**Student:** 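Below is the structure I would like to discuss, written out as structure tokens.
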Amino acid sequence: MTERTACAGVFFDLDDTLYDHLTPLKDTLTSQLRLPDAFDHRKAYQRFRYYSDHLAAMQENAFAAHNVEGQREMRVQRFVLMLQEFGIQVSMEEAARLQQDYVDRQYDIALFDGARETILRLQQDGYAVGIITNGAEAHQVKKLGALALDKLVPKEHIYITGRVGWDKPDPRIFQHALQETGVDLEQAVYIGDSWRNDVIGALGAGWRMIWFNHRFAARESQHEPHHEAHSYEDISRILFS
């Protein structure tokens, strides 16, 4: 990480990489369900993300603008499947109410400590900084606005899969970002939390990969990220050492 060129770039995932994605889910479950005191919200979040990724992978271009019904169904179904693992049975109607409450809380969010400072320092050091995120365009754009990332990261460096047409871990979304920004593959770094979407996706596209494993999740395959970080302090140490 010590050498770079004018065509060096660092790209970030959005959800649970630049901000805490667990908080809206925890608040929804706490407010809507009578959960036992010992309920493990962290584990629930991990399983929620698993089913989000799994159900999206079962559809082609899951986050495309035309796939409104498919997106609605998978977002509701993930609540049903996740809660089943904890012995909690909810109907699709009940899960739809959970989903709506969750959506209503999605924009009351803040960047992780150190994220803004890391982006600013990268930009000051001459790196191209961008975001590659899975999701429907309108939904992700609202999150970017809530985090003021639309004022921090150039719009032309923000790649939302629902707009571009390929969902991570498809390597084409990573290749497209390089072609659009002029970043050299040898100087491209990706930072993300999801093993399936971010680690496998970035490595499959030939990028250097920093796995932001701040939830200390288990590895899911034999893939080897170049670095593993548990905080933005770790990320900064890796990037700027």
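Everything numeric here is computed off the predicted structure, so don't read it as measured data.
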**Student:** Output all residues satisfying ring-ring contact (aromatic ring centres under 6.0 Å, His included) with Phe86, sequence neighbours left out; order by chain, then residue number.
**Tutor:** Phe39
**Student:** Grouping I, L, V, M, F, W and Y whenever their side-chain heavy atoms are under 4.5 Å apart, do Val103 and Phe48 come out in a common cluster?
**Tutor:** no
**Student:** For Ala62, is there any backbone N or O sitting under 3.5 Å from a side-chain donor or acceptor partner on Asn67?
**Tutor:** yes
**Student:** Looking at Ser91, is its backbone amide N or carbonyl O close enough to the side chain of Glu94 to form a donor-acceptor pair, meaning the two atoms are under 3.5 Å apart?
**Tutor:** yes
**Student:** Consider only side-chain N and O atoms of Arg105 and Ser31, and report whether a donor and an acceptor are under 3.5 Å apart.
**Tutor:** yes
**Student:** Val68 and Tyr102: same hydrophobic cluster, using ILVMFWY side-chain contacts below 4.5 Å?
**Tutor:** no
**Student:** Using only atom types and a distance under 3.5 Å, with no angle test, would you say the side chain of Asp184 pairs donor to acceptor with the backbone of Gln187?
**Tutor:** no
**Student:** Could you go through residues 75-83 and list every donor-acceptor pair under 3.5 Å that involves a side-chain atom there, pairing it with any protein atom two or more places apart or in another chain?
**Tutor:**
{"unit_1": "Arg78", "atom_1": "NE", "unit_2": "Arg75", "atom_2": "O", "d": "3.1"}
{"unit_1": "Arg78", "atom_1": "NH1", "unit_2": "Ser52", "atom_2": "OG", "d": "3.0"}
{"unit_1": "Arg78", "atom_1": "NH2", "unit_2": "Gln99", "atom_2": "OE1", "d": "3.1"}

**Student:** Please check: side-chain N/O of Asp16 versus main-chain N/O of His21, any donor-acceptor pairing under 3.5 Å?
**Tutor:** yes
**Student:** Has Thr133 got a side-chain atom pairing as donor or acceptor with Ile160's backbone, closer than 3.5 angstrom?
**Tutor:** no
**Student:** Taking the hydrophobic residues Ile, Leu, Val, Met, Phe, Trp and Tyr, and joining any pair whose side-chain heavy atoms are under 4.5 Å apart, which ones share a cluster with Ile173?
**Tutor:** Phe11, Ile132, Tyr159, Val164, Trp166, Phe174, Leu178, Val183, Leu185, Tyr190, Trp195, Val199, Ile200, Leu203, Trp207, Met209, Trp211
**Student:** Charged N to carboxylate O below 4.0 Å: is that the case for Lys168 and Asp198?
**Tutor:** yes
**Student:** Walk me through whether Asp20 and Arg215 qualify under salt bridge (Lys or Arg N to Asp or Glu O under 4.0 Å).
**Tutor:** CA-CA 10 Å; Asp20 188 344; Arg215 302 203 185 279; 2.7 Å; yes
**Student:** Assess whether atom CZ of Arg116 is packed by more than 12 heavy atoms of other residues, nucleotides or ligands within 6.0 Å.
**Tutor:** no
**Student:** Under the side-chain contact (heavy atoms from CB on, under 4.5 Å) test, which residues partner Gln175, sequence neighbours left out?
**Tutor:** Pro171, Arg172
**Student:** One pair to check against salt bridge (Lys or Arg N to Asp or Glu O under 4.0 Å): Lys143 and Asp15. What are the steps and the verdict?
**Tutor:** CA-CA 9 Å; Lys143 293 179 189 176; Asp15 297 320; 3.0 Å; yes
**Student:** Do Phe63 and Leu144 sit in the same hydrophobic cluster, where Ile, Leu, Val, Met, Phe, Trp and Tyr count as joined when their side-chain heavy atoms come under 4.5 Å apart?
**Tutor:** no
**Student:** Which word best sums up how the rings of His214 and Phe112 line up, parallel for under 30°, tilted for 30 to 60°, or perpendicular for over 60°?
**Tutor:** perpendicular
**Student:** Say whether Asn61 and Asp167, considering side chains only, have a donor N or O and an acceptor N or O under 3.5 Å apart.
**Tutor:** no
**Student:** Can you name the closest pair of heavy atoms from Ala95 and Val90 and give their distance?
**Tutor:** CB-CG2, 4.3 Å
**Student:** I need the Thr118 OG1 to Gln123 CD distance, nearest 0.5 Å.
**Tutor:** 11.0 Å
**Student:** Hey, what do you get for CD1 (Ile119) to CG (Leu149), rounding to the nearest 0.5 Å?
**Tutor:** 5.5 Å
**Student:** Do Leu25 and Leu14 belong together in a cluster built from hydrophobic side chains that touch within less than 4.5 Å?
**Tutor:** no
**Student:** Atom CG of Asp27 and atom CG of Asp101: how far apart are they, to the nearest 0.5 Å?
**Tutor:** 8.5 Å
**Student:** Does Leu239 reach the side chain of Leu122, with side-chain heavy atoms less than 4.5 Å apart?
**Tutor:** yes
**Student:** Is the Tyr107-His139 ring centre distance short of 6.0 angstrom?
**Tutor:** yes
**Student:** I need the Tyr45 OH to Leu22 CG distance, nearest 0.5 Å.
**Tutor:** 7.0 Å
**Student:** Does one side chain, of Asp234 or His227, offer a donor that lies under 3.5 Å from an acceptor on the other?
**Tutor:** no
**Student:** Any ion pair linking Arg219 and Glu224 (charged N to carboxylate O, less than 4.0 Å)?
**Tutor:** yes
**Student:** Between the main-chain N or O of Arg196 and the side-chain N or O of Glu220, is there a donor-acceptor pair closer than 3.5 Å?
**Tutor:** no
**Student:** Starting at CG of Asp53, measure out to OG of Ser194 and round the result to the nearest 0.5 Å.
**Tutor:** 4.5 Å
**Student:** Just how far is it from atom CD1 of Ile210 to atom CD1 of Ile238, taken to the nearest 0.5 Å?
**Tutor:** 5.0 Å
**Student:** Please work out whether the ring planes of His54 and Tyr50 are parallel, tilted or perpendicular, with thresholds of 30° and 60°.
**Tutor:** parallel
**Student:** Could you walk me through whether Ile131 and His157 pass the side chain to side chain contact (heavy atoms under 4.5 Å, CB included) check?
**Tutor:** CA-CA 6 Å; Ile131 295 170; His157 289 183; over 6 Å; no
**Student:** Side chain to side chain donor-acceptor pair (under 3.5 Å) with Glu117: which residues, sequence neighbours excluded?
**Tutor:** none
**Student:** Please report the shortest heavy-atom distance between Phe212 and Ile235, naming the atom on each side.
**Tutor:** CD1-CD1, 3.8 Å
**Student:** Under a 4.5 Å cut-off applied to non-hydrogen side-chain atoms, are Leu35 and His41 in contact?
**Tutor:** yes
**Student:** Using a 4.5 Å cut-off on heavy atoms from C-beta on, say whether the side chain of Glu180 contacts that of Glu156.
**Tutor:** no
**Student:** Within the supplied structure, the quantity of interest is the number of heavy atoms (other residues, nucleotides, ligands) at a distance under 6.0 Å from Glu233 CD; does it exceed 12?
**Tutor:** no
**Student:** Checking Tyr127 against Phe240 for the ring-ring contact (aromatic ring centres under 6.0 Å, His included) test, could you report, in this order, the C-alpha distance in whole Å, the side-chain angles of both residues, the deciding distance, and whether it holds?
**Tutor:** CA-CA 12 Å; Tyr127 288 88; Phe240 303 122; 7.2 Å; no
**Student:** Could you tell me if Gln106 and Lys142 have a donor-acceptor pair between their side chains, going purely by distance under 3.5 Å?
**Tutor:** no
**Student:** For residues Ala136 and Gln71, report the shortest heavy-atom separation together with the two atoms involved.
**Tutor:** CB-OE1, 3.6 Å
**Student:** Taking side-chain contact (heavy atoms from CB on, under 4.5 Å) as the test, write out the residues that go with Glu60, two or more places apart.
**Tutor:** none
**Student:** In the structure I gave you, are the side-chain heavy atoms of Ile191 and Asp13 within less than 4.5 Å of one another anywhere?
**Tutor:** no
**Student:** Name the residue from Ile109, Val153, Leu152 that meets the side chain to side chain contact (heavy atoms under 4.5 Å, CB included) definition with Leu147.
**Tutor:** Ile109
